2 protein chains.
Amino acid sequence: MIDAAGLRVMKAIADEGSFTSAANALGFTQPAISQMVRRLEQRTGTVLVERYGRQVRLTEAGQVLARHAVGVLAALDAAEEEITAIAGLRAGRVRLQAFPSSSATLVPRTLAILKARHPDITVTFTEAEPPESLAALRNGDCDVAVAFAYEGGDLGELEEDLSLLVTRRLMDDEVRLVVPGTHPHAGDGAASLADFSGEEWIAGCPRCRGHLLSLADTAGFRPNVAFETEDYVAQLGLVTAGLGVALVPDLILNAAKHDEVATLPLSPASRRQILAVTTPDLQRVPAVAAALDALCEAAGADPKASTAELVGAKA
Amino acid sequence: MIDAAGLRVMKAIADEGSFTSAANALGFTQPAISQMVRRLEQRTGTVLVERYGRQVRLTEAGQVLARHAVGVLAALDAAEEEITAIAGLRAGRVRLQAFPSSSATLVPRTLAILKARHPDITVTFTEAEPPESLAALRNGDCDVAVAFAYEGGDLGELEEDLSLLVTRRLMDDEVRLVVPGTHPHAGDGAASLADFSGEEWIAGCPRCRGHLLSLADTAGFRPNVAFETEDYVAQLGLVTAGLGVALVPDLILNAAKHDEVATLPLSPASRRQILAVTTPDLQRVPAVAAALDALCEAAGADPKASTAELVGAKA
DNA sequence: AGGATTCCATAATCACCGGTTATGATGAGG
DNA sequence: CCTCATCATAACCGGTGATTATGGAATCCT
């Protein structure tokens with residue numbers, strides 16, 4: 001019944017004292033004001049403006065509208081300002097969820113870049129394994145999920161989780177075999193997995209364990225998993241203590257101290273992909289886009305070649 | 001850029017959780033919501049709604065709009081409620097100005113009627129002589145002026161004051177000659193003004209004095225005005241004291257005690273008209289219309305035959 | 001799985017709101 | 001008394017914002 005335009009007109013009349021100057025103040029012509037007032041009057045069924053001679057003044061009802069106009073228009077302006085602030089990266093929020101081992105280097109570097117580039121947006125970070133972070137994304141509790149996928153291995157099961165989502169490849173994370181420094185193969189240039197079929201194995205998170213089993217299966221043996229821990233530092237500790245061998249991604253090896261163990265590249269090599277995941281719509285939110293760019297930059301990836309498909313995803 | 005309709009839609013989506021139910025809640029169809037959101041999005045240049053699968057949820061920017069919508073829509077509703085209250089006589093204001101001698105009976109009775117009929121409207125009353133009250137009306141400081149005009153006499157000078165104004169005849173107020181009870185003519189059935197040319201006269205307000213002079217002039221004499229006072233009670237006191245004779249309207253005689261004087265009808269009779277005056281626009285304001293009706297009723301006039309022209313105004 | 005359902009998007013259409021220019025009526029002022 | 005300033009009105013017209021009809025895709029149920 002009453003809209004913002006009408007209030008704006010009433011306020012202009014109250015401020016300016018005539019239709020003509022109100023029209024000038026609003027950038028309209030005089031007849032626009034004239035019939036706007038008439039429409040408002042027949043809509044509300046009240047007399048809003050008293051025409052006396054060639055001057056006009058507001059009636060009580062008109063003054064009521066003009067008075068309310070101040071508050072309403074201020075609130076509208078405030079809303080508009082907030083929106084443009086979000087659009088201009090002078091405000092906004094990004095909720096980031098990343099898997100634990102990325103928290104060491106990738107995420108801190110990303111947050112630093114974001115903070116330096118857009119100091120006014122607020123970033124929330126939560127650690128979560130890929131299945132949970134993707135669920136949060138789907139659920140609307142998260143804007144960007146940093147996930148990983150083992151090449152060839154569990155891409156299939158992740159695939160359905162990624163439907164309707166967009167991914168950006170951040171980096172390839174090579175998986176290495178970690179053995180005690182005193183191990184007979186410690187000095188080898190590369191490790192063939194079959195040579196370690198008799199070892200005791202230290203497995204990581206469930207999906208990492210799955211990857212180990214998958215690799216071992218193609219190498220023709222079934223690994224003897226003696227320990228399981230999601231904590232990579234603990235894994236390295238166990239290896240250091242000579243209790244077994246483990247598959248550990250480069251990302252961890254670059255961040256954690258591991259002087260007393262040997263890290264051997266696998267032959268054939270095995271990698272996992274580090275991915276940034278979001279939804280098609282969120283991708284267009286400035287703060288989210290900035291976060292994605294920062295992630296790519298922190299990972300050393302080319303931001304432009306980002307929306308590529310997963311390597312190894314079935315064509 | 002942002003209008004009330006858009007905010008209403010965003011709030012409905014936030015409340016209902018889907019376009020379809022938001023459309024139902026607002027009484028629209030689903031495509032209306034769909035393209036309303038799209039318009040808002042391209043107007044603000046931001047993503048307001050995140051479409052994930054077949055569910056939708058608001059982005060941060062969308063939540064900002066939905067949040068502001070609450071306040072804005074509440075303010076709009078409040079304004080609308082105030083307007084309808086004024087239109088429905090459940091609120092409103094009437095500023096009444098009346099000449100002093102009408103304050104005795106006419107105005108109190110009017111206020112009583114108004115109070116009984118519309119207890120929620122606030123009535124302001126100020127005493128003012130017709131020239132000032134009409135000036136206030138023109139100036140926007142008054143809604144209804146109760147004025148008087150002597151028949152044939154000063155209608156002309158009042159006429160230009162009444163241009164652009166509307167008048168309602170409330171009553172005819174007959175003017176009587178007041179003489180001391182001991183006066184030789186005290187028992188006469190009617191008084192011819194010429195018979196009192198030798199008396200000392202007690203004049204009232206400037207315009208009443210003018211009326212006296214005008215009547216005396218047509219009767220062929222120039223009255224000896226010994227006293228002037230705007231206070232009719234004082235006039236009656238002076239007559240009672242035998243200090244002169246006076247012309248006093250019925251309206252005063254009906255209200256003030258005057259036992260010891262004689263009141264004689266003039267021959268030819270002379271009347272003044274009691275008028276309610278307002279502007280054409282204010283006439284259509286419910287509270288003002290109610291006040292006019294109450295005035296007519298208090299004066300015993302037929303409210304329907306009210307907008308008549310002044311008697312004696314030049315056709 | 002696969003089919004039914006449900007939700008959103010799009011296209012085509014159309015009414016009307018809300019602006020414009022042109023013009024007229026009228027009160028105010030020199 | 002004439003002129004100017006102001007509001008009202010008419011005619012026109014584009015864009016907003018609704019509608020119906022239809023399609024596509026995700027979710028749900030069997």
Side-chain angles (χ1 to χ4, degrees), chain A residues 1-10 12-13 16-44 47-59 62 135 137-140 159-165 279-281, chain B residues 1-10 12-13 16-44 47-59 62 135 137-140 159-165 279-281:
Chain A
M1 181 171 172
I2 301 176
D3 60 346
L7 289 185
R8 211 180 305 272
V9 167
M10 292 305 293
I13 296 173
E16 303 289 331
S18 80
F19 285 12
T20 303
S21 45
N24 290 335
L26 294 179
F28 293 151
T29 57
Q30 171 263 316
I33 306 297
S34 192
Q35 55 188 327
M36 185 73 193
V37 170
R38 185 174 49 181
R39 272 194 298 270
L40 263 181
E41 285 187 329
Q42 59 195 27
R43 239 181 255 172
T44 61
V47 181
L48 298 177
V49 173
E50 185 193 346
R51 288 90 162 164
Y52 179 80
R54 86 180 185 193
Q55 65 178 316
V56 295
R57 51 183 175 242
L58 300 188
T59 64
L137 196 57
R138 253 191 310 281
N139 202 29
E159 199 165 306
E160 72 179 33
D161 284 356
L162 290 178
S163 77
L164 300 184
L165 298 177
T279 70
D281 286 329
Chain B
M1 182 171 172
I2 301 176
D3 61 344
L7 288 184
R8 211 181 304 272
V9 167
M10 291 305 293
I13 295 173
E16 303 290 330
S18 80
F19 284 13
T20 304
S21 44
N24 290 334
L26 294 178
F28 293 151
T29 57
Q30 171 263 317
I33 305 297
S34 193
Q35 56 187 326
M36 185 74 193
V37 169
R38 186 175 47 183
R39 271 194 298 269
L40 264 181
E41 284 186 331
Q42 60 194 26
R43 239 181 256 172
T44 62
V47 182
L48 298 177
V49 173
E50 185 193 348
R51 288 88 162 167
Y52 178 81
R54 86 181 186 192
Q55 64 179 316
V56 295
R57 50 182 175 242
L58 299 189
T59 65
L137 196 57
R138 254 190 309 281
N139 202 30
E159 199 163 306
E160 71 181 34
D161 283 357
L162 290 178
S163 76
L164 299 184
L165 297 177
T279 71
D281 287 328

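Proteins get letters first, then strands, A, B, ... in listed order; numbering begins at 1 in each. Every value quoted in this text rests on a predicted model; they were computed, and no experiment measured them.
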Are there any protein N/O atoms within less than 3.5 Å of an N/O atom in nucleotides 19-24 of chain D, and if so, which ones and at what distance?
residue : atom : partner : partner atom : Å
D:dT19  : OP2  : B:Thr29 : N            : 3.0
D:dT19  : OP2  : B:Thr29 : OG1          : 2.4
D:dT19  : O4   : B:Gln35 : NE2          : 3.0

Review point. How would you list, by chain and number, every residue that makes a side chain to side chain donor-acceptor pair (under 3.5 Å) with B:Ser34, sequence neighbours excluded?
Key: none
Check your understanding: Looking at CE of A:Met10 and CG of A:Leu48, how far apart are the two atoms once the value is rounded to the nearest 0.5 Å?
Key -> 4.5 Å
Review point. In whole Å, what is the span from the CG atom of A:Asn24 to the P atom of D:dC7?
Key: 10 Å
Revision key, fill the gap. Taking five pairs at each terminus, the helix from C:dA1-D:dT30 to C:dG30-D:dC1 shows an axis bend, to 10°, of 30°
Check your understanding: Atom CZ of A:Arg57 to atom P of D:dT6: distance rounded to whole Å?
Key -> 16 Å
Study note, to complete from the structure: Bounded by its outermost nucleotides with an atom under 4.0 Å from a heavy atom of chain A, the footprint on DNA chain C reads C:dG18 to C:dA28
Practice item. Would you mind reading off the distance between B:Gln42 atom CD and D:dG15 atom C1', rounded to a whole angstrom? Key: 13 Å
Point to revise | side chain to side chain contact (heavy atoms under 4.5 Å, CB included) involving A:Arg38 - partner list, sequence neighbours excluded | key: A:Gln35, A:Gln42
Review point. Starting at CZ of A:Arg38 and ending at P of D:dA8, how long is that distance when rounded to a whole Å?
Key: 9 Å
Is there any protein nitrogen or oxygen under 3.5 Å from a nitrogen or oxygen in nucleotides 25-30 of chain D, and what are the pairs?
residue : atom : partner : partner atom : Å
D:dA26  : N3   : B:Arg54 : NH1          : 3.2

Check your understanding: What pairs with A:Glu41 under side chain to side chain donor-acceptor pair (under 3.5 Å), at least two apart in sequence or on another chain?
Key -> A:Arg51
Review point. Which heavy-atom pair separates B:Met1 from B:Arg43 by the least distance, and what is that distance?
Key: O-CD, 3.2 Å
Practice item. Taking side chain to side chain contact (heavy atoms under 4.5 Å, CB included) as the test, write out the residues that go with B:Ile13, two or more places apart. Key: B:Val9, B:Phe19, B:Ala22, B:Ile33, B:Val37, B:Leu58
Review point. With a 4.5 Å limit on heavy-atom distance, are the side chains of A:Asp281 and B:Val49 in contact?
Key: no
Review point. Got a second to check how far B:Asn139's CG is from A:Arg57's CZ, nearest 0.5 Å?
Key: 7.0 Å
Revision key, fill the gap. Here the side chain to side chain donor-acceptor pair (under 3.5 Å) pairs for residues 19-30 of chain A, sequence neighbours left out, are A:Ser18-A:Ser21
Exercise for review: For A:Arg39, report the nucleic acid contact type (base, sugar-phosphate, nothing); a contact means any heavy atom under 4.0 Å.
Suggested key: base
Revision key, fill the gap. Residues passing the side chain to side chain contact (heavy atoms under 4.5 Å, CB included) test with B:Ala5, sequence neighbours excluded, are B:Asp3, B:Met36
Practice item. Can you sort out the partners of A:Thr279 under side chain to side chain donor-acceptor pair (under 3.5 Å), two or more places apart, ordered by chain and number? Key: B:Glu50
**Study point:** Close side-chain approach of B:Tyr52 to A:Leu164, heavy-atom, < 4.5 Å
**Key:** yes
Check your understanding: Does the side chain of B:Arg43 get closer than 4.0 angstrom to OP1 or OP2 of D:dG17 through an N or O atom?
Key -> yes
